[in-house]
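Structure first, then comments.
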Amino acid sequence: MRYNKIVIKIGSHLMLRGEEQFLYSVAQQVKLLKDNNCKVIIVSSGAIASGLKDYKVVSKPTSIVEKQSYAAIGQPLLMNRYIETFKKFDLKVAQILLTREDFDFRERYINIKNTLNYLLKIGVIPIINENDTVVTEEIKLGDNDTLSAIVAAKIDADILIILTDVDGVYNKDPSIYKDAKIIEEVYNIEELEKQCVISSRSKFFCGTGGMKTKFEAAKICYLSGVEMIIANGIKDNVISDIVLKNKKIGTKFYTARLNSAITSRDKWIAFGKKIKGKIFIDEGASFALIKNHKSLLPVGIKYVEGKFSKGDVVSIYCVVDKKEIARGIVNYSSDEIEAIKGKKTQEIKKIYPKIKSEEVIHVDNLVLL
Ligand code: GLU
């Protein structure tokens, strides 16, 4: 079989709209997958929506404290639905709540990975959601599309299936154009981003996703060796048809490299940690990074954006086309880079006589995108 480790992302609207029948069908298919030796992880939204529903609140919560409180009310209710429904198929589930910060620290990130792998080993289905109650802007991932892609990348999943209430990505807006068609296969996400739209019939206000976050998820998967499919979760047997029958369903995003080609540490640098700033470099330095796999030196740096410290992860952009080309861990703070940018090593030694590393980012701490 092609797929062994599978991450399934379920949005708030599906959890609410489908009610018991939808989750029953998911559990049934997960059971089938498990009987075929697949390992399944679910990333589920629906905490805030469940809390609101329980309190019969119909207006959109605006303040963060309201959202966090309804998430606190709704998360156990959500889990209860998973526990009860999955029990019917003899399946056990476990709750994992994560924030962006949990991926920022390598030790925490390794703990998450180990726990997930252990749960899978003992046959439990992990159900992941963002820890909505504790997040602040700083540590928020913000949407479960991104969260599911990061999880899929971390645990070396073979495929991420994003279940939504539309059939996939359309070549044009299907609510306007009758001849709009589903794009079945995607090899180049940037091209696609330019030309297409995803139709979103989802009106439920707790779903924070949409096209943008799905493309972000697709990019993370693309670079991490994980295939991704956006498919309609309402359709019968959609998960088992994708995984076990290899049917063409929804929009499939192919991946750039094999899982083994990008190491766990690289994934952590590229997608785990929060990006604290940007470094814009000239064409020569871009060439040295991309073609010659060299470290980033001060001489090639044109300017920086944002405030960051030594040890933070930053994005590297080519100043000519403003395209992000790499991410890496910096040896200097943003202020220090301002002082040494464009300079040769000899000149820098005059400013910082004790400097240890001449590289702003060492090649070992650099991941090309
Ligand atoms: N974590 C939120 C919830 O469970 C939803 C986030 C999202 O839909 O992307 O309510």
Side-chain angles (χ1 to χ4, degrees), residues 7-19 22-23 26 41-83 85 93-103 112 125-153 160-166 198 200-221 228-234 271 274:
V7 177
I8 302 166
K9 188 259 168 175
I10 301 173
S12 298
H13 45 285
L14 278 180
M15 282 305 289
L16 283 194
R17 182 176 147 175
E19 289 297 332
F22 167 72
L23 204 55
V26 170
I41 288 179
I42 294 176
V43 176
S44 178
S45 305
I48 301 173
S50 303
L52 290 170
K53 195 178 169 215
D54 192 52
Y55 267 66
K56 301 189 174 49
V57 178
V58 284
S59 58
K60 183 177 176 170
T62 46
S63 71
I64 206 143
V65 66
E66 279 177 287
K67 286 184 198 161
Q68 294 186 317
S69 302
Y70 285 112
I73 296 166
Q75 182 62 28
L77 302 174
L78 183 70
M79 278 313 294
N80 213 27
R81 285 180 61 194
Y82 274 100
I83 294 167
T85 314
V93 299
Q95 170 185 273
I96 297 192
L97 299 177
L98 301 172
T99 67
R100 146 75 61 196
E101 214 176 30
D102 297 325
F103 295 107
I112 298 167
I125 315 291
I127 313 284
I128 301 175
N129 196 357
E130 183 154 23
N131 195 351
D132 293 310
T133 314
V134 304
V135 287
T136 57
E137 269 315 311
E138 240 322 88
I139 60 167
K140 193 162 76 174
L141 277 154
D143 68 89
N144 279 354
D145 293 326
T146 311
L147 175 62
S148 61
I150 294 176
V151 167
L160 165 64
I161 302 173
I162 296 193
L163 294 182
T164 175
D165 63 348
V166 291
I198 214 174
S200 179
R201 291 198 300 263
S202 167
K203 294 279 182 285
F204 200 80
F205 50 76
C206 288
T208 40
M211 179 169 63
K212 197 169 169 283
T213 56
K214 287 180 181 59
F215 282 148
E216 278 314 308
K219 279 181 204 163
I220 295 172
C221 287
M228 185 180 119
I229 288 184
I230 299 177
N232 193 334
I234 305 288
F271 314 118
K274 195 177 172 73

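These numbers come from the heavy atoms of this one structure, side chains and all, not from hydrogens, waters or symmetry mates. All ligand and atom numbering here is 1-based and tracks the order in the structure.
Nearest-heavy-atom check against atom 4 (O) of ligand 1 across V135, T146, N129, I10 picks out N129.
In plain terms, the two heavy atoms of Q75 and A47 that are nearest each other are OE1-CB, 3.3 Å. Considering every non-hydrogen atom in both G233 and L14, the closest pair reads CA-CD1, 4.1 Å. A pairwise comparison of heavy atoms in S148 and I162 identifies OG-CD1, 4.5 Å as the closest pair. Closest approach of N129 to L147, counting heavy atoms only: C-CD2, 3.8 Å.
Looking at D143 against ligand 1, both its backbone and its side chain come within 4.0 Å, counting heavy atoms.
Residue contact check: G46 has heavy atoms under 4.0 Å from atoms 3 (C), 4 (O), 10 (O) of ligand 1. Every atom of ligand 1 with a heavy atom of I48 under 4.0 Å away is listed here by number and element: 3 (C), 10 (O).
Annotation: side chain to side chain contact (heavy atoms under 4.5 Å, CB included) contacts of T62 (sequence neighbours excluded): E66.
Not a single heavy atom of A71 sits under 4.0 Å from any atom of ligand 1.
In terms of polar-atom proximity, S45 is counted as a contact of ligand 1, with an N or O under 3.5 Å from an N or O of the ligand. In terms of polar-atom proximity, D132 is counted as a contact of ligand 1, with an N or O under 3.5 Å from an N or O of the ligand.
Proximity of L52 to P61: side-chain heavy atoms (C-beta onward) are separated by under 4.5 Å at one or more points.
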